[in-house]
2 protein chains.
Amino acid sequence: MTQAFSFSVLATDGLARQGEIHTPRGAIRTPAFMPVGTAATVKAMFVEDVRAAGADILLGNVYHLMLRPGAERIARLGGLHEFMRWPYPILTDSGGFQVMSLAKLRKLDESGVTFQSHIDGSRHHLSPERSMEIQDLLGSDIQMQLDECVRLPCSESEAERAMRLSLRWAERSRKAFRERPGRAVFGIVQGGESKRLRIESAQALAGMEFHGIAVGGLAVGEPQDVMLDMLETTAPHLPESKPRYLMGVGAPDDIIQAVARGIDMFDCVMPTRAGRHGLAYTRHGRVTLRNARHADDPRPLDEASSCPAARDYSRAYLHHLVKAGEILGMMLLTQANVAYYQELMAGLRAAIGAGRLADFIAETRANWIEGESAL
Amino acid sequence: MTQAFSFSVLATDGLARQGEIHTPRGAIRTPAFMPVGTAATVKAMFVEDVRAAGADILLGNVYHLMLRPGAERIARLGGLHEFMRWPYPILTDSGGFQVMSLAKLRKLDESGVTFQSHIDGSRHHLSPERSMEIQDLLGSDIQMQLDECVRLPCSESEAERAMRLSLRWAERSRKAFRERPGRAVFGIVQGGESKRLRIESAQALAGMEFHGIAVGGLAVGEPQDVMLDMLETTAPHLPESKPRYLMGVGAPDDIIQAVARGIDMFDCVMPTRAGRHGLAYTRHGRVTLRNARHADDPRPLDEASSCPAARDYSRAYLHHLVKAGEILGMMLLTQANVAYYQELMAGLRAAIGAGRLADFIAETRANWIEGESAL
């Protein structure tokens, strides 16, 4: 079945939007949270359980996959969906962000970025054209332009240089994008902490034929109010008709705030990474399972959850598994966290649909606070 | 529902027996392989998947559980079955073997063994009486006497001293065993590599009121022919009417050989440990997934397996996960191995029932060899 990529806004509540992205591999209900499947696996989870948790789409990392097992190899094996057995939509990043944070001896110029693999020291070159080629080889449903993401804080001139380079790379990425039925490519807004640069970047990208626009270069260490200020500045300049994706965000409260400012898509390693480190996200707030107060607690993380890991296992057992360094502890907490994030997104979607987002946010936060103190 | 513990031999083929152990928590089809759930978890597996793989019974380790989270704590939380969410039969070892292999500063005398925890250095005393108390607190369905297991090779006099101590501990363990409906306690044959001692130990235990007899002190480094020689010597002196359990065994071929010599029950960390180290056991033999020859192989481990991990994922993907150190690789290979062991046991049971054990063993071995060379 061949279908086009499309996005429908079904309801709004203030700036918040509830909608649906249609792809040949299935629908993505927005606001959407994408679990991160870095190296062709959502760490410590069976892919069936990622789906059962409610995820419509996963994120894959070009940087990791190009280095191991290699994009050409994945293409020979039938593409990333087939390789990792996830038949639903996949968004891939461009690789640029992780080249900057993980690779050794990187060197950036107009053409792209040259770097050494953090795995084996091998040399690689990533250009807008190569990034799009890799994302095509992977079979990604939503592909991202290559951009340069600067660390915050940085000078305005440095932010401007990177933003302008990212715009030139946006044009090259868009041109290099392989048009295939139902596949999309997104541009990325940069501009550091400068409203002027953010607006210019958003306006320039709005004029290009992208299927969606991401906001990049946030959640890189700045305070939440700076991030929200940049979102408020940027969002009015993004096309109403296209999905908006805030990259790398975030904590549940960051997500809630960004949804209220018109963001439709999110990704973050937080739920999976926290799950591997003994931390659970729940309706009742965060639970640090390593804490001794859980050692004799027969209660589950959340008796009302639809996730077996959160509903069926005692905190005493989870505490034991975490203390003993058992893999099952990571498996259960990752599953619980991914499920909680999906439950939060479902709640946000329903609230926007019902025109009661502000109430939902207030209730959700009250639950977190009550829970933390009651735990 | 209150039921007695009982064992029925349903068919024999030579010395091999196919049967069923009945417990209030469910039936155990024999010959049975018990996956090891050391610290209240079969490492890297959801307990539902252990069941789905075909396991009727798990093994829990007293040494690990008494140190963390503690037997009294597990009892307060409703027992080991409730704690780890496995409602089917559980066999617990006595703790003695792991005190000898894992604990620090251990000191053994007639009363029992004093040792320091390998986790936090805390001091503990394990006597036959305390071991039975712990196993009762855990709620174990099949409990094991405390014994002393010597390393092989050892002198006959050392083997004799340990065997006689184990017999005295057998009497104390039997006496300390808490009689509860449907619960059982097994004695353990010792005697090192001495036929005389093995026979004496077996005969003495046969005269005590145990519900089953284990053969201990094998699979501790001796060649397979020594182990089989000891089994052939011991088995004729074990009661026909009681289950026979070969502790800590083993590799698939060891299991096959021991079944042919009349053994009914097995446990071993091999399938789970191998799964965490990139090694798969399959109908086609062992597969070392780390090997580069699997990098582009789209075939599953075994397309005819009923286990999703063995049937649905490409060797290329498993290779990638193992190379990348991904937890999912451990999860999938552990599941595949536990399932293969259960499939092997099911095959052995069917073959004994059909009076074709020798043919089954020949076919199984031929498959392993063909597979290894064809891989």
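Residue numbers begin at 1 in each chain, while the letters A, B, ... track the order of the sequences.
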Could you state the interatomic distance from [atom1] ([X]) to [atom2] ([Y]), rounded to the nearest 0.5 Å?
{"X": "B:Leu328", "Y": "A:Ile327", "atom1": "CG", "atom2": "CD1", "value": "11.0 Å"}
{"X": "B:Met331", "Y": "A:Asp49", "atom1": "CE", "atom2": "CG", "value": "7.0 Å"}
{"X": "B:Lys323", "Y": "A:Ile119", "atom1": "NZ", "atom2": "CD1", "value": "9.5 Å"}
{"X": "B:His319", "Y": "A:Arg68", "atom1": "NE2", "atom2": "CZ", "value": "9.5 Å"}

Name the region of [X], side chain, backbone, both or neither, that has any atom closer than 4.5 Å to a heavy atom of chain A.
{"X": "B:Met84", "result": "both"}
{"X": "B:Gln335", "result": "side chain"}
{"X": "B:Glu48", "result": "side chain"}

Around atom CZ of A:Arg178, are there more than 12 heavy atoms of other residues, nucleotides or ligands at under 6.0 Å? yes
For atom NE2 of B:His125, is the number of surrounding heavy atoms from other residues, nucleotides or ligands below 6.0 Å larger than 12?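 Correct, the count exceeds 12.
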Residues of residues 303-311 of chain A under 4.5 Å from chain B (heavy atom pairs)? none
Go through B:Thr38, B:Val42, B:Asp312 and name the one with the most non-hydrogen pairs under 4.5 angstrom from chain A. B:Asp312
Look at the side chain of B:Tyr317 and the backbone N and O of A:Ala40, then say whether any donor-acceptor pair between them is shorter than 3.5 Å. yes
Any donor and acceptor pair, going by atom type alone, linking the side chain of A:Arg76 with main-chain N or O of B:Asp296 inside 3.5 Å? no
Heavy atoms only: give me the nearest A:Ala39-B:His320 pair and the separation to one decimal.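 Closest pair (atom of A:Ala39, atom of B:His320, distance): O-NE2, 2.8 Å.
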Nearest non-hydrogen partners of A:Ala295 and B:Leu77, listed with the distance: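 Heavy atoms of A:Ala295 and B:Leu77 come nearest at O-CD1, 4.1 Å.
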